[in-house]
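Below is one structure, written out as structure tokens; the observations come after it.
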Protein chains: 2
Amino acid sequence: MKKLLKYLFMQRVFEALSSTVRRKILAYLAHAELTAGEIAARFDISKPAVSQHLAVLENAGLVTSEKRGQYVHYRLVREHLANVLNDYVQEVCPVSRPLKRESAALGDAPAAEGEKE
Amino acid sequence: MKKLLKYLFMQRVFEALSSTVRRKILAYLAHAELTAGEIAARFDISKPAVSQHLAVLENAGLVTSEKRGQYVHYRLVREHLANVLNDYVQEVCPVSRPLKRESAALGDAPAAEGEKE
DNA sequence: TAGGTAGTTAAGGAATTACCTAATTACTCT
DNA sequence: AGAGTAATTAGGTAATTCCTTAACTACCTA
């Protein structure tokens, strides 16, 4: 059950990460929660274009959005990013067994966010 | 040291990983060194298509090829994959500092096979 | 040297992606 | 309600990606 869902997310995550703009957005969100407008202001492309990038990131589970009044605040979902990337590294670098536990811990580290899948 | 170079590779690596076929190729190579033909045999797409995927992976530094006689053998470059992904996780999840050392160790783990860069 | 196998390069077409402008929705404030 | 701001949706186009077939290079064997 979990495995298929995980696979789907992996695909979306790597597709999301394939864009430089989207990786930059994540980097900005790594330092602070930002509104869509604040994010758009940091790029040369149009606001709708940024909005689409944000939608891709959200579909991949890498960010979440919350509307507060007039603004939509975006924030990074650290666990998800760390989990997916670590899972993949594990899959392709099976040698690194020792790391496995460490990275699992990493994923949970930020907080009490549970296993949603 | 080579921050720019790293950035360039990051771009190529994530672009390479955005394709399911390419991620599958890496998964196969995680278990064994394979020739181009052996890899192509595992997919439904044409041989030239696989060849192009392999070129993308090689440009990203994720695999290396060696021609032996009639065959071209491909093999995974584990360190590179682990390094790039871990570097990125670090950049976006600055919380996870503890993992850093572990992952560095991981890169070298496979031993024997040489550092080409 | 001729024929066969392994692999890549070349050329072209279909599908996807990224971007733009314009229109729309949702909220705030007077 | 009406004007202004924030953000997304819609519609259309340019660029890119992925795959195909055909042609080519390199190697092996008889």
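Each chain gets a letter, A, B and so on, in the order the sequences are listed, and its residues count up from 1. Just so it is clear, the model here is predicted, and its values are computed rather than measured.
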Is a side-chain N or O of A/Arg42 found less than 3.5 angstrom from the main chain of A/Glu38, in a donor-acceptor match? yes
Residues A/Arg68, A/Glu33: salt bridge by 4.0 Å N-O rule: yes
B/Arg22 side chain to B/Glu15 backbone, donor-acceptor under 3.5 Å: yes
Check whether any side-chain N or O of A/Ser19 sits under 4.0 Å from OP1 or OP2 of C/dT17, and answer yes or no. no
Between atom CZ of A/Arg23 and atom CE of B/Met10, what is the distance when rounded to the nearest 0.5 Å? 6.0 Å
For B/His73 and D/dC27, give me the distance from atom NE2 to atom P, rounded to whole Å. 13 Å
Do A/Leu76 and A/Tyr71 share a hydrophobic cluster, counting only Ile, Leu, Val, Met, Phe, Trp and Tyr and linking them when any side-chain heavy atoms are less than 4.5 Å apart? no
Could you tell me whether the phosphate oxygens of D/dT20, OP1 or OP2, come under 4.0 Å of any side-chain nitrogen or oxygen in B/Ser46? yes
I need the CZ-C1' distance between A/Phe43 and C/dC19, as an integer number of Å. 14 Å
Residues in contact with DNA chain D, drawn from residues 58-71 of chain A - heavy-atom cutoff 4.0 Å: A/Gln70, A/Tyr71
Using a cut-off of 4.0 Å on non-hydrogen atoms, how would the nucleic acid contact of A/Tyr74 be classed: base, sugar-phosphate, or nothing? sugar-phosphate
Please state how far atom CD in A/Glu38 lies from atom P in D/dA7, giving the value in whole angstrom units. 8 Å
Whole-Å distance, B/Leu57 CG to C/dT8 C1', equals 15 Å
Test item: A/Val84 and A/Leu62 side chains (from C-beta on) under 4.5 Å apart, heavy atoms: no
Which nucleotide sits closest to the side chain of A/Arg22: C/dA18, D/dC19, C/dG7? C/dA18
Closest-nucleotide mapping onto DNA chain C: is A/Glu15 or A/Lys47 further toward the 5' terminus? I mean the 5' end. A/Glu15
Strand contacts (DNA chain D) in residues 48-56 of chain A, 4.0 angstrom heavy-atom criterion: A/Pro48, A/Ser51
Test your reading of the model: is there a side-chain donor-acceptor pair from A/Arg12 to the backbone of A/Gly61, 3.5 Å cut-off? no
Would you compute the distance between atom CG of A/Leu85 and atom CG of A/Leu17 and round it to the nearest 0.5 angstrom? 6.0 Å
Rounded to the nearest angstrom, tell me the gap between atom CD1 in A/Ile45 and atom P in D/dA7. 15 Å
Taking the six-membered ring where the residue is Trp, are the ring centres of A/His80 and A/Phe9 under 6.0 Å apart? yes
